[in-house]
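Everything quoted here is computed from the prediction, not taken from an experiment.
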Amino acid sequence: METILSLQHVNYSYEDDNGELIPVLKDFSLEIQRGSFVCVLGHNGSGKSTLAKLLNGLYQPDQDSGPILVDGLNTRDEKNELEVRRRVGLVFQNPDNQLVTTVVEEEIAFGPENLGLPRDELQKRVDEALLAVDMQEYRNHATYKLSGGQKQRIAIAGILAMRPQILILDEPTAMLDPKGREEVLSAVRRLNREQGMTVILITHHMEEAAKTDRVIVMKNGQITADSTPQAVFSQPQLIRDAGLSLPQPTELTHRLIQEGFPIDKEVLTVEQAVAAISKMLKEK
Amino acid sequence: MAFITTEQLTYIYGQSTPYEKTALDHVNISIEKGEIIGIMGHTGSGKSTLVQHFNGLIRPTSGRVLVDGVDIWERPKEIRSVRFRVGLVFQYPEYQLFDETCQKDIGYGPRNMGLSEQEIEERVREAAERLEIPNEILQKSPFDLSGGEKRRVAIAGVLAMRPDVLVLDEPTAGLDPQGRKTVMDLIERYRCETRAAVIFVSHSMEHIASIADRVLVMNQGKVELFDTVPNVFSQYARLKELGLNIPAVTEIFLRLKEQGIDVGKGIYTVDDGVKALSQLCQGRVHHG
Ligand SMILES: Nc1ncnc2c1ncn2[C@@H]1O[C@H](COP(=O)(O)OP(=O)(O)OP(=O)(O)O)[C@@H](O)[C@H]1O
Ligand SMILES: Nc1ncnc2c1ncn2[C@@H]1O[C@H](COP(=O)(O)OP(=O)(O)O)[C@@H](O)[C@H]1O
Ligand SMILES: [Mg+2]
Ligand SMILES: [Mg+2]
């Protein structure tokens, strides 16, 4: 598979009030494949949002850092700045702070309009983006009247209209109720599966991580685990040391194993737990 | 006697404008001292509007809010004292941090209460400890923190006032699992040590099921349910209709039951589930 994002020995530091440099990402290396659905987990302050901002060129790595390549473009190169921003779409936690207009259609056209696209191309992109997040009927609705999940899907559509190759979502469901959260996640999953969009999902919800292809666990600016969700969540000690937790179905089966129950240990979802428990009880 | 009571509490945003919106519609509830109340409901159901009434941040359009038996709007000039007694951690409180350092920000409430510098320092230290905020962060500007770090500082600021009722609006959104656990433990400890009532809004069914005594379910500005954890989470179909959910373990055992495997009712936490399965299997050994 083709690499679309690559960070090689990247360093990034913040400057504190006294002008001293505080390292956040240290010797950080990572490659992400085109079309993959990657989840980034990590304790508060582990450097997830910093990583996201480095990837779309909002932040520049330290002087002594290795390169960050987005689809082959070095983010350090000034002439790549616009292209990098265009390729990497960033969606944040709070939809209210991201919406800038009052009507759904205008909101989605806002970005591409600034690129100076002709009218019919604009229309086409708005249609596509609305379809992608399943909000076609809302085209003429007022943005302020939408529910949280709907607002967040419009924020995603606005980014999609810029035709990014990579979508990075920084805790996109933190402000949403269970229904809104599911709406956003299924829209994102569909984008990945049906359009092959490369997706990086930053989240604190372990059950969201369970449904991705690859889970990267960050701890103090470094990667402590990088594997499939099954492999990552089968290591409770590592998860605990990273300040994380297990998805509840996984926690249940791990506890049952500790109590001596002969149960399958690769459980991540409610469905898998139901299957594992019923299998165990039938075999007994 | 109830500590917080609302009587026919109604609130309308933008009354007599085209944007008029009834956010609370004749809400009648009462909450005792020492209770932990979990509030859930779809976005826009009125949760934030309701909790902002408890400390007098919003004045009812009609109806009353009583704290300790007294209508808090009887003497509007004294509303400030209600804000010290009923401590409210806003939804997204990090947007309200403003001081030069986190230390000063956490001390803002106690300073407003007119406490001595020594007492303020003591309270800031205690609140920071409870939220596991390290010393380096206390000296930093709140603007230079990650999302989760800001959240902890904001909660500490309210805790430092040592309120009689602690109200938290979605306190765990954006916190890492460790931080969520810290906040849940904090709620239980605060209730235990002070016998204060704690009211928290959450979208995490797991959190509500694990610590709440009673659950208030809001729907379109009205009280849909206000009952114990078992009485609320047994209404799975109704909750789904409201855009809500039940804890993942509860769902697992419900689905097992649909398949004819009845492990027992009332499973809301991982502990409950492990216990129920252990009992079932022991039972089988005896009978088998
Ligand atoms: N503007 C800033 N100035 C100085 N330090 C900062 C700044 N922004 C973030 N930091 C620090 O950098 C580290 C990483 O922050 P970052 O926002 O990337 O964390 P995060 O993993 O996204 O955390 P969260 O889960 O809380 O959102 C933290 O220790 C934070 O305090
Ligand atoms: N400042 C405001 N002005 C106008 N309407 C508002 C305002 N704040 C909230 N509302 C509306 O009131 C209703 C209840 O909102 P809120 O209390 O924030 O709900 P929740 O906290 O349950 O998501 C929603 O319809 C919301 O759009
Ligand atoms: Mg972050
Ligand atoms: Mg709210």
Side-chain angles (χ1 to χ4, degrees), chain A residues 14 16-17 22 41-50 93-94 97 144-145 147-149 151 170-171 173-182 204-207 239-240 242-249 251-252 254-256 258-261 263 269-271 273-274 277-278 280-282 284, chain B residues 19 40-45 91-92 95 137 139-141 144-152 170 172-181 203-206 239-240 242-245 247-249 251-256 258-261 263 269-271 273-274 277-278 280-281 284-285 288:
Chain A
Y14 282 110
D16 74 3
D17 296 340
I22 316 271
L41 300 176
H43 61 82
N44 290 133
S46 58
K48 304 178 297 296
S49 298
T50 304
Q93 190 179 86
N94 185 342
N97 292 354
Y144 73 90
K145 280 191 184 163
S147 73
K151 279 186 195 162
D170 193 352
E171 298 188 45
T173 63
M175 303 191 60
L176 306 182
D177 58 23
K179 179 156 163 270
R181 172 175 303 165
E182 195 37 53
H204 288 300
H205 292 280
M206 305 299 135
E207 61 281 15
I239 292 293
R240 225 169 294 131
L244 303 181
S245 64
L246 298 172
Q248 206 175 34
E251 195 190 334
L252 177 69
H254 279 251
R255 283 281 306 282
L256 290 171
Q258 277 174 13
E259 301 284 324
F261 284 88
I263 189 168
T269 62
V270 166
E271 292 76 22
V274 171
I277 294 173
S278 89
M280 172 184 83
L281 291 175
K282 276 180 193 134
K284 260 189 120 114
Chain B
Y19 301 104
M40 57 194 221
H42 61 83
T43 39
S45 61
Q91 184 169 11
Y92 307 104
Y95 296 127
I137 288 193
Q139 304 316 323
K140 270 180 120 171
S141 149
D144 292 348
L145 303 180
S146 82
E149 290 163 347
K150 283 184 192 165
R151 173 63 55 82
R152 286 171 211 240
E170 297 195 33
T172 58
L175 286 183
D176 60 28
Q178 184 62 49
R180 298 203 285 260
K181 187 166 180 317
H203 288 310
S204 165
M205 309 299 135
E206 285 79 15
L239 293 177
K240 274 262 147 122
L242 298 175
L244 301 173
N245 216 328
V249 270
E251 192 172 348
I252 290 170
F253 287 95
L254 209 76
R255 295 224 195 151
L256 282 167
E258 283 165 7
Q259 297 186 2
I261 303 172
V263 183
T269 64
V270 170
D271 278 340
V274 172
L277 269 174
S278 302
L280 178 80
C281 291
R284 286 196 177 186
V285 173

4.5 Å side-chain heavy-atom contact, [X] and [Y]:
X	Y	result
A/Q248	B/P247	yes
B/I252	A/L252	yes
B/L277	B/V263	yes
B/R151	B/T172	no
B/F253	A/V274	no

**Prompt:** Which bit of A/S49 is near chain B, if near means a heavy-atom gap under 4.5 Å: side chain, backbone, both or neither?
**Reply:** neither
**Request:** Identify which part of A/Y14 has an atom lying under 4.5 Å from any heavy atom of chain B, answering side chain, backbone, both or neither.
**Result:**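 The answer is neither part of A/Y14.
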Partner chain B: residue of [options] with the largest heavy-atom pair count (under 4.5 Å):
options	value
A/G149, A/A174, A/P178, A/S46	A/P178
A/H204, A/K179, A/H43, A/Q93	A/H204
A/K48, A/E251, A/M175	A/M175

Residue [X] versus chain A: region with a heavy atom under 4.5 Å:
X	result
B/L242	neither
B/S146	side chain
B/R152	side chain
B/M205	side chain

**Asked** What do the steps show when you test B/D176 against A/L41 for side-chain contact (heavy atoms from CB on, under 4.5 Å), and what is the final call?
**Response** CA-CA 9 Å; B/D176 60 28; A/L41 300 176; over 6 Å; no
Quick one: which of [options] has the most heavy-atom pairs under 4.5 Å with chain A, could you say?
options	answer
B/V249, B/T269, B/D271, B/N245	B/V249
B/S204, B/S45, B/G243	B/G243
B/G147, B/G148, B/P177	B/P177
B/S141, B/G174, B/G41, B/G260	B/G174
B/H203, B/M40, B/Q178	B/H203

**Asked** Please walk me through it: do B/C281 and A/L281 pass side-chain contact (heavy atoms from CB on, under 4.5 Å)?
**Response** CA-CA 8 Å; B/C281 291; A/L281 291 175; 4.0 Å; yes
**Item:** Steps toward side-chain contact (heavy atoms from CB on, under 4.5 Å) verdict (B/T43, A/L176)
**Value:** CA-CA 7 Å; B/T43 39; A/L176 306 182; 5.5 Å; no
**Message:** Assess the residue pair A/R181 and A/E207 against the criterion (side-chain contact (heavy atoms from CB on, under 4.5 Å)); give the C-alpha distance rounded to whole Å, side-chain angles, the decisive distance to 0.1 Å, and a yes or no.
**Reply:** CA-CA 12 Å; A/R181 172 175 303 165; A/E207 61 281 15; 4.3 Å; yes
